[in-house]
There are 2 protein chains.
Amino acid sequence: MKMNEGIEWAIHCCSLLAHLPDKAALSVGALSEFFDIPQTYLAKNLQLLSRAKIVSSAKGPGGGYRLARNARNISLLDIVQAIDGRDPCFRCTEIRQRGPSALPPSRYRKPCGIARTMLKAEQAWRDELRKVSILEIKELGITETNPSQTRKAEEWLISVLRSPLSKGSSGTIYTLQK
Amino acid sequence: MKMNEGIEWAIHCCSLLAHLPDKAALSVGALSEFFDIPQTYLAKNLQLLSRAKIVSSAKGPGGGYRLARNARNISLLDIVQAIDGRDPCFRCTEIRQRGPSALPPSRYRKPCGIARTMLKAEQAWRDELRKVSILEIKELGITETNPSQTRKAEEWLISVLRSPLSKGSSGTIYTLQK
DNA sequence: TTAATTTCGGATATCTATTGACCGTTATTA
DNA sequence: TAATAACGGTCAATAGATATCCGAAATTAA
């Protein structure tokens, strides 16, 4: 059982987008360069975030992606479900309805106890993910990241956002830290 | 993200084995017939349970599988990990160490905050699974299963265990309910 | 209006993990 | 000795994850 790698990318991207000043956006190209990950596949995952209304997108020059709402209101569960869907990991195949001791399907009212137990465990997992917001992830990153990396990231971001075609960047001085 | 189907099979098998009287065993063939699942792949999964010391095996006529210890002391987590291994679903690929703002590897002491958060959620999932024993799963099955199915299953089991080659079955009358 | 940029959606290819079958070996029983 | 049954390895088929490409639509700037 292995989790979609796009989930890791999506969380990192959202955390980075949470650093941007209002109205500013980053293109797929910029994001894939910042994280050094495959551009086309990242594009697919960002589209999923867009459909889930976690990020909003703008086409054309200076366009790109930004968070669709406050980072405080985006949970890790939102992102995981946007990328991976809402199907549970455990899928009950109704084994109990097969084999020599099976009964007609109408006789099975309650869902299988094994399935209920497995799904309850997944619920505990989701509950944990729901508790954590992108804002917290962002702040965790700031406090734990080497200051020199923060500076490097800041400089890179500023250079990208100041490029001729990006909106909301004319002369804006800002810091990654707030 | 989809869970190994063998896990569902393994839990059902262990729950059934928990019904057997002492010393009795069921072969792969019997188990695959009871649940109507592919014999060869089930065999693979039972071997994994055997290596994990969740079931014990006996070769030769009358051999097969039985629980290696009391059903109370086998948790769903034991089974999940036996079949699926112990690797976490979420694998951190250290994205933060890539791209234009990366630093030399030695500068990253603590593990990535995103990874820690994701792994903590998985821990909550495992904690839930650890709480549930095969004994509870078995009892859940008994109380929730249609009495007529219980009877059918019982009859099937008795017929299999009374077959000439099975051990510990000579004249033993027992019930699935206890 | 035109050219450049950028997301969107579909189609498709590639890689990897899961699912499943097969076979020779070994241990056990009758 | 013959039959049973787990064991371990290899291999094939399928499904899922990863990745690329392309045409279309929208937006911006010149």
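Per chain, numbering begins at 1; letters A, B, ... match sequence-line order. Below, all heavy atoms of this structure are taken into account, side chains as well, without hydrogens, waters or symmetry copies.
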Counting only side-chain N and O atoms of [X], is one of them less than 4.0 Å from OP1 or OP2 of [N]?
X	N	answer
A:Ser27	C:dT5	no
B:Tyr41	C:dG20	no
A:Arg51	C:dG9	yes
B:Ser57	D:dA5	no

Rounded to the Å, how far apart are [X] [atom1] and [N] [atom2]?
X	N	atom1	atom2	value
B:Lys59	C:dT28	NZ	P	7 Å
B:Glu5	C:dA17	CD	P	19 Å
B:Ile83	C:dA17	CD1	P	18 Å
B:Leu46	D:dC7	CG	C1'	12 Å
A:Asn4	C:dC15	CG	C1'	14 Å
A:Asp36	D:dA19	CG	C1'	15 Å
B:Gln39	C:dT19	CD	P	18 Å
A:Asp87	D:dA17	CG	C1'	15 Å

- Which heavy-atom pair separates A:Phe34 from B:Pro100 by the least distance, and what is that distance?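 In terms of heavy atoms, the two residues are closest at O-CD, 3.4 Å.
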Strictly below 4.0 Å, N to O, side chains only: are [X] and [Y] in salt-bridge contact?
X	Y	value
B:Arg96	B:Glu94	yes
B:Arg116	A:Glu144	yes
A:Glu155	A:Lys152	no

- Message: salt bridge (Lys or Arg N to Asp or Glu O under 4.0 Å), that's the test. Do B:Lys138 and B:Glu136 meet it? Break it down for me.
- Response: CA-CA 5 Å; B:Lys138 169 193 163 186; B:Glu136 293 167 75; over 6 Å; no
- In terms of the nearest nucleotide of DNA chain C, which residue is placed more toward the 5' end: A:Gln47 or A:Met1?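 The residue whose closest nucleotide sits nearer the 5' end is A:Gln47.
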- Query: Taking for each residue the nucleotide of DNA chain C with the nearest heavy atom, is it B:Asp84 or B:Thr40 whose nucleotide lies nearer the 5' end?
  - Reply: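 In this pair, the answer is B:Asp84.
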- With no angle test and no hydrogens, is the base of C:dG10 tied to the side chain of A:Lys44 by a donor-acceptor pair under 3.5 Å?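 Donor-acceptor pair under 3.5 Å: yes.
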- Task: Name the nucleic acid region contacted by A:Gly29, choosing base, sugar-phosphate or nothing; use a 4.0 angstrom heavy-atom cut-off, strictly under.
- Result: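 It contacts nothing in the nucleic acid.
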